[in-house]
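Reading through the structure tokens given below for one structure.
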Amino acid sequence: MSLLIPSLNRRALIGGLAAAPVVLQFGRAHAGGAYLFPLGVAAGDPWPDGFVIWTRLAADPIAPDGFGGMSGPVDLLWEVSADETFTHIAAGGSATADASSAHAVHVEVQGLRPGRPYWYRFTAAGQQSPVGTARTAPAPNAHVDRLRLGVASCSNWEVGHFSAYGHMADEAPDLTLFLGDYIYEYSRTGERAASNVRNYGFEEATTLAGYRNRYALHRTDADLQRLHAAAACLVTWDDHEVLDNYSGIWPNKDAETVSFVQRRASAYQAFYEAMPIRRTRVDAMLQMPIYKRIRYGQLAEFYMLDGRQYRSRGACTVEGGARGQIVPNSQCSDRLDPSRTFLGFDQETWLYDGLARTDARWNILGQNLVMAGLRFENRGDETRYWTDTWDGFPAARDRMTRALQTLKPKNPVVLAGDYHSFWTNDVLLNSEDETSPVVATEFVGTSITSGGPPYDGLMGAMHANPHIKFFDSRVRGYISIDVTPDLMTTRYQQISDPRDPRAALSTLNTWVVESGRPGAQLA
């Protein structure tokens with residue numbers, strides 16, 4: 001059913017996910033006293049004495065102008081409690097939601113105790129938000145016995161329900177990692193739309209209002225709201241937060257670069273407004289830094305990487321575009337150019353500096369694309385490579401793998417999304433040499449809803465890629481990871497059917513990585 005319906009009906013549809021409306025007590029009237037917290041709450045970027053708490057006020061979340069049915073500023077109160085009943089308030093204050101950020105609020109809470117859970121909520125206009133919970137990070141040198149992670153990517157609203165998010169919430173992770181494609185910028189049309197489970201109901205996002213409404217619609221989903229309320233998150237983006245297969249300042253097809261960069265800036269602004277991350281902004285160069293390092297006691301250090309914003313132009317592109325291809329080197333001479341970068345040279349330097357300094361037991365790189373590499377080989381033909389992954393930037397990957405080999409951070413593990421399939425990979429020092437040392441372990445998560453690549457076609461390439469220990473593109477779901485000082489246990493969690501809002505959950509398989517021994521083994 002399309003959501004392009006009259007404003008009153010939209011509010012009735014979405015408001016059913018939240019508590020009953022309460023009459024406003026102060027500020028401007030908003031749509032006759034509509035409930036202002038239909039998008040829920042979220043927390044993120046935990047540090048030892050706090051975290052970010054987020055909400056966005058909206059009376060009509062997908063109003064066409066992107067302002068959520070809101071106009072003037074609204075004052076809020078926020079509270080963080082040491083207990084679920086809010087008897088022992090640990091921190092609190094006020095904030096103002098205004099139109100410049102679509103009435104989104106980011107509070108960087110400080111002064112809390114490290115390594116423990118807290119509960120938080122907002123109050124505005126006589127109404128109270130749902131309650132969320134989040135854990136502060138342990139003190140940097142604290143001994144930590146256990147950490148549970150949920151890892152998600154690729155949630156296309158139109159092709160399925162978000163039941164996988166609900167199952168993730170049920171697992172009570174300490175942290176949730178979102179590795180890109182949190183929204184999709186396009187809407188399926190024509191024959192493809194006939195198989196939609198539900199519709200975005202508006203045109204492809206190209207403006208700030210369009211991107212805002214994509215996030216707002218996703219946040220009306222009860223399972224996604226429940227996951228955000230259950231744990232703090234760390235987030236990065238991939239391409240669909242802006243445009244399919246874009247690379248740096250280059251769009252995926254012939255287009256005017258200046259107008260695309262302006263579109264990209266609008267998408268970045270909407271991303272910030274929708275995510276519980278520390279303050280950042282679109283700068284004068286229309287860039288917005290989001291990469292970060294998060295310490296979790298002695299147990300883990302997280303490096304959340306940005307693999308889109310600073311990338312070089314895609315290899316062997318045509319007509320100014322960035323769309324990836326599967327091609328041999330003879331048809332893609334710039335693929336091997338050492339001046340090309342995947343992360344941008346400033347981010348590369350920042351990452352290698354962090355890897356050189358860390359003493360954490362596990363070093364976890366959260367990023368968007370498959371790193372280990374995939375060769376397509378047929379007898380008598382040249383080897384081909386898919387240029388939209390790290391395979392399109394082999395010199396940049398070589399710099400990464402050499403850094404891991406030289407700097408020797410303990411137990412590096414790469415987490416990736418994007419390709420709508422589960423992978424378990426050895427990351428080799430030299431991706432062209434299967435006898436090369438293993439420098440990291442890689443786990444790639446399948447999609448929450450988006451359909452996977454052809455299973456038989458990819459399996460036909462696996463004979464040339466023994467470093468890929470497992471691949472399956474036929475199922476949807478997420479990754480669940482338990483980390484202890486001596487062992488990382490990774491479960492590939494699959495749902496029975498993304499078209500079923502009450503889909504069942506099962507474990508496809510389980511992998512273990514022992515501390516000091518790179519490479520995963522089937523449990």
Side-chain angles (χ1 to χ4, degrees), residues 179 303 305 307 311 315 324 326-329 332 335-338 340-343 348 351-352 354-356 358 362-378 382-419 421-445 458-472 479 481 488 490 492 509 511-522:
L179 299 183
Y303 306 81
L305 306 180
R311 276 168 54 160
I326 299 176
V327 292
N329 286 333
C332 192
R335 190 182 83 91
L336 302 177
D337 184 348
R340 298 175 66 252
T341 176
F342 187 84
L343 298 176
E348 283 191 39
L351 174 61
Y352 304 153
L355 293 173
T358 183
W362 298 89
N363 287 277
I364 300 172
L365 281 60
Q367 51 94 56
N368 55 328
L369 296 178
V370 178
M371 183 182 292
L374 173 65
R375 297 186 295 272
F376 295 87
E377 295 184 358
N378 294 311
E382 292 183 77
T383 301
R384 295 175 298 147
Y385 304 90
W386 181 31
T387 60
D388 188 50
T389 70
W390 281 84
D391 273 336
F393 303 80
R397 180 175 54 205
D398 287 346
R399 291 193 294 271
M400 170 76 76
T401 57
R402 287 197 300 269
L404 292 172
Q405 175 76 356
T406 303
L407 301 174
K408 299 187 184 308
K410 297 176 184 176
N411 301 314
V413 175
V414 179
L415 302 178
D418 176 70
Y419 207 36
S421 41
F422 286 122
W423 306 57
T424 302
N425 303 328
D426 289 340
V427 179
L428 305 177
L429 176 61
N430 179 357
S431 65
E432 301 293 326
D433 180 5
E434 290 291 341
T435 67
S436 184
V438 178
V439 296
T441 303
E442 181 174 38
F443 296 112
V444 181
L458 269 291
M459 286 301 295
M462 293 303 166
H463 69 279
N465 296 275
H467 62 282
I468 300 175
K469 296 180 175 180
F470 179 77
F471 167 81
D472 197 327
I479 299 176
I481 301 176
M488 175 179 286
T490 298
Y492 291 159
N509 53 37
W511 299 84
V512 295
V513 181
E514 297 179 12
S515 177
R517 296 184 59 185
Q521 304 299 320
L522 194 61

Item to check | Exam field: side chain N411 to backbone G516, donor-acceptor pair closer than 3.5 Å | outcome: yes
Next on the checklist: Within the structure provided, determine whether N378 and R384 are in side-chain contact (heavy-atom separation under 4.5 Å).
Outcome noted: yes
Checklist entry - Within a strict 4.5 Å, meaning less than it, do heavy atoms of the L343 and Q367 side chains meet? => result no
Checklist entry - Is the Lys NZ or Arg CZ of R335 less than 6.0 Å from the centre of Y385's six-membered ring, within 45° of the axis? => result yes
Next on the checklist: My understanding is that only one of N368, V414, L369, L351 makes a side-chain contact (heavy atoms from CB on, under 4.5 Å) with L305; could you say which?
Outcome noted: L351
Item to check | Shortest non-hydrogen contact between E377 and A464, atoms and distance | outcome: OE1-CB, 3.6 Å
Item to check | CD1 on I326 to CH2 on W386, rounded to 0.5 Å | outcome: 7.5 Å
Checklist outcome for this item: When rounded to the nearest 0.5 Å, the distance separating CD1 of I479 from CG of L179 is 8.0 Å
Checklist outcome for this item: Rounded to the nearest 0.5 Å, the CZ atom of F470 sits from the CE atom of M462 at a distance of 10.0 Å
Item to check | Atom of F422, atom of G445 and distance for their closest heavy-atom approach | outcome: CD2-CA, 4.0 Å
Checklist entry - With a 4.0 Å cut-off, would you call R397 and D391 a salt bridge? => result yes
Checklist entry - Hey, are T424 and Y492 close enough side-chain-wise for a donor-acceptor pair under 3.5 Å? => result yes
Checklist entry - Once you round to the nearest 0.5 Å, how far does CD of Q521 lie from NZ of K469? => result 4.5 Å
Item to check | Any residue meeting side chain to side chain contact (heavy atoms under 4.5 Å, CB included) with P409, in chain and number order, not counting sequence neighbours | outcome: L355, T358, N363, L404, L407
Next on the checklist: Contact between P394 and L336 at the side-chain level, heavy atoms closer than 4.5 Å - yes or no?
Outcome noted: yes
Next on the checklist: For E432, is there any backbone N or O sitting under 3.5 Å from a side-chain donor or acceptor partner on N430?
Outcome noted: yes
Checklist entry - What's the verdict on side chain to side chain contact (heavy atoms under 4.5 Å, CB included) for F443 and V513, showing C-alpha distance, side-chain angles and the deciding distance? => result CA-CA 11 Å; F443 296 112; V513 181; 3.8 Å; yes
Checklist entry - Quick check: does any side chain N or O of T401 sit under 3.5 Å from a backbone N or O of D398, one acting as donor and the other as acceptor? => result yes
Item to check | Whether E442 side chain and A372 backbone form a donor-acceptor pair below 3.5 Å | outcome: yes
Next on the checklist: Is the shortest side-chain heavy-atom distance between V370 and N425 below 4.5 Å?
Outcome noted: yes
Checklist entry - Does R399 use its side chain to pair, donor to acceptor, with the backbone of P338 at less than 3.5 Å? => result yes
Item to check | From T441 atom OG1 to M488 atom CE, the distance as rounded to the nearest 0.5 Å | outcome: 8.5 Å
Checklist entry - What heavy-atom pair brings W362 and E514 nearest, and what distance separates the two atoms? => result CH2-C, 4.2 Å
Checklist entry - Would you say T490 and V413 make side-chain contact, with heavy atoms under 4.5 Å? => result no
Checklist entry - Counting distance only, does the side-chain N/O of D433 pair as donor-acceptor with the main-chain N or O of T435 below 3.5 Å? => result yes
Checklist outcome for this item: Minimal heavy-atom distance between V438 and G519, with the atoms involved, is CG1-N, 4.3 Å
Checklist entry - What is the minimum heavy-atom distance between R311 and F342, and which atoms define it? => result CG-O, 2.8 Å
Item to check | Donor-acceptor pair, side chain of R375 and main chain of S431, under 3.5 angstrom | outcome: yes
Next on the checklist: Looking only at the side chains, is there a donor atom on one of N509 and W511 sitting less than 3.5 Å from an acceptor on the other?
Outcome noted: yes
Checklist outcome for this item: Nearest heavy-atom contact between H467 and G373 is NE2-O, 2.8 Å
Checklist entry - Just by modelled atom types, is the L429 backbone N or O under 3.5 Å from a matching donor or acceptor in the Q405 side chain? => result no
